[in-house]
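Just follow the structure's listing: the first ligand is 1, and inside any ligand the first atom is 1.
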Amino acid sequence: MVDLVSQYQNIQEQVQEKMNEVLSSAQFINGPEVKSFQKELEDYLDVKHVIPCANGTDALQVALMSLGLKPGDEVITANFTFAATVEVIDLLRLKSKLVDVDAETFCIDPQAIEKAITPNTKAIIPVHLFGQCAPMEEILEIAKQHDLYVVEDTAQAIGAGYTFSNGEVKKAGTMGTIGTTSFFPSKNLGCYGDGGAIFTNDDDLAHRMRGIVNHGMYERYYHDEIGVNSRLDSLQAAVLRVKLPLLDSYNEARQKAADYYDKAFETHPNIQTPARNQAVSTHVFHQYTLRVTGKDRNALQKFLAEKEIPAMIYYPVPLHRQKAYDDGSYADEDFPVTMQLIDEVISLPMHTELTQEQQNYITSQIIEFLGN
Ligand SMILES: *Cc1c(COP(=O)(O)O)cnc(C)c1O
């Protein structure tokens with residue numbers, strides 16, 4: 001699915017040099033590398049504050065902790081996403097409200113958000129799923145009307161841009177109250193271990209989150225609130241400082257690979273290629289996800305595995321059907337799009353080092369299996 005070895009070989013010298021500097025300095029935690037990376041990411045995203053942390057799940061958790069929500073307050077998020085998004089809501093004893101997604105973009109459906117709002121709703125977490133921004137203009141409008149916080153889960157879409165109807169362009173993760181991301185190795189900007197970051201333009205929230213990630217400590221050994229221990233280590237920051245300047249070219253390589261897949265499947269009656277809502281959002285293709293219609297998706301996956309082509313189902317089980325999150329209040333009928341997607345989606349190999357030869361093999365095998 002991803003080829004991190006080839007990507008590493010292309011940047012090996014710079015990475016090793018940077019890592020050696022960190023090793024020689026022995027400043028492994030909160031050293032100058034982390035500060036420099038923070039600054040460089042703030043510049044790249046054009047956001048006032050970046051708060052580095054240990055992973056993308058912590059980033060979501062700390063973001064929610066900073067908003068001063070009370071147990072039972074409701075947070076709306078998508079039913080079709082990675083579990084981390086909903087996990088942190090329930091972990092904090094908030095109430096998750098799962099809603100359906102859009103059939104074209106797989107991202108949270110604004111109409112479903114509006115229907116789920118109650119007097120207890122306090123926040124929305126849109127997920128920029130598979131690399132394309134959720135419809136932020138509509139979501140921000142809903143949030144404004146109902147006085148809700150918006151926390152953007154940008155783990156799959158770092159570097160994507162969103163264009164508002166007034167022509168203004170903003171980077172994913174910088175539009176809502178807070179944005180969060182993950183630097184898990186296979187993400188579009190991945191380090192060589194765990195890492196994450198939180199973004200905001202709000203000075204007070206940034207101050208609060210800097211305290212929360214450091215044991216609720218604002219002055220050394222004075223703990224004003226219960227925090228967590230969530231840090232990006234300096235070796236990971238060193239890797240990220242080499243890769244951040246390459247992020248746009250990495251995302252372009254993914255888009256080029258997506259173009260190739262799109263073209264190969266353009267007219268196939270059983271394949272729906274991922275919609276690109278290009279007038280509004282760039283798509284940075286964390287995943288390239290097809291919908292297979294009128295044919296057996298699972299049989300296709302099995303066939304590809306036999307041909308040594310990895311293909312994954314993101315996501316096979318919707319969150320409302322997961323034991324941890326099924327509180328009895330949901331029915332499959334509440335999520336017609338999600339229920340269809342879980343049977344139809346299949347994600348193909350997608351990374352920065354895909355060759356045309358590999359893609360030619362992948363696409364021809366898929367077409368051979370499906371016919372035409
Ligand atoms: C990867 C991911 C996360 C979690 O990030 P970690 O760094 O693995 O904790 C959260 N949300 C989404 C949508 C993700 O894809």
Side-chain angles (χ1 to χ4, degrees), residues 1-2 4 37 41 50-65 75-92 96 98-99 101-102 105-108 123-134 136 139 150-160 172-173 176 178-199 209 213 228-233 236-237 239-240 243 251 254 274 281 283-289 312-319 322 324-325 338 341-342 345 347 350-351:
M1 287 298 284
V2 294
L4 294 173
F37 171 64
L41 189 56
V50 165
I51 298 109
C53 65
N55 57 68
T57 309
D58 277 8
L60 284 163
Q61 180 179 332
V62 170
L64 287 179
M65 286 171 79
V75 180
I76 296 172
T77 195
N79 192 10
F80 188 66
T81 175
F82 181 56
T85 321
V86 67
E87 182 177 43
V88 294
I89 301 172
D90 287 23
L91 185 70
L92 295 171
S96 54
L98 300 169
V99 302
V101 294
D102 176 74
T105 64
F106 312 141
C107 286
I108 196 164
I124 309 167
I125 309 185
V127 183
H128 303 312
L129 200 75
F130 300 154
Q132 187 163 229
C133 291
M136 288 303 292
I139 292 167
V150 176
V151 177
E152 297 170 64
D153 184 343
T154 315
Q156 301 189 2
I158 193 154
I178 301 174
T180 66
T181 203
S182 163
F183 304 124
F184 186 80
S186 63
K187 301 283 155 109
N188 290 38
L189 178 61
C191 59
Y192 296 161
D194 273 309
I198 313 164
F199 327 132
M209 292 190 285
V213 297
V228 294
N229 170 22
S230 189
R231 300 181 282 234
L232 180 72
D233 75 66
Q236 300 309 335
V239 174
L240 290 165
K243 289 179 78 172
N251 284 342
R254 288 171 178 274
S281 173
H283 198 321
V284 294
F285 288 100
H286 176 60
Q287 299 296 344
Y288 184 88
T289 304
M312 300 288 287
I313 312 303
Y314 301 121
Y315 297 91
V317 183
L319 295 172
Q322 302 281 0
Y325 307 109
T338 298
L341 293 179
I342 57 168
V345 289
S347 298
M350 172 50 77
H351 54 84

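Side chain of T181 to backbone of T154: a donor-acceptor contact under 3.5 angstrom is found.
Qualifying ring-ring contact (aromatic ring centres under 6.0 Å, His included) partners for H283, counting only residues two or more places apart in sequence or in other chains: F285. Residues satisfying the ring-ring contact (aromatic ring centres under 6.0 Å, His included) test with F183, not counting sequence neighbours, are F37.
Between F80 and the options L98, D102, I108, V345, a side-chain contact (heavy atoms from CB on, under 4.5 Å) holds for only V345.
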Contacts table for residues 189-197: side-chain donor-acceptor under 3.5 angstrom, sequence neighbours left out:
none

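Around ligand 1 you find N55, G56, T57, T81, F82, A84, T85, V127, D153, A155, Q156, S182, K187, each with a heavy-atom distance below 4.0 Å.
Here the CD1 atom belonging to I178 is positioned 11.5 Å from the CZ atom belonging to F199, to the nearest 0.5 angstrom.
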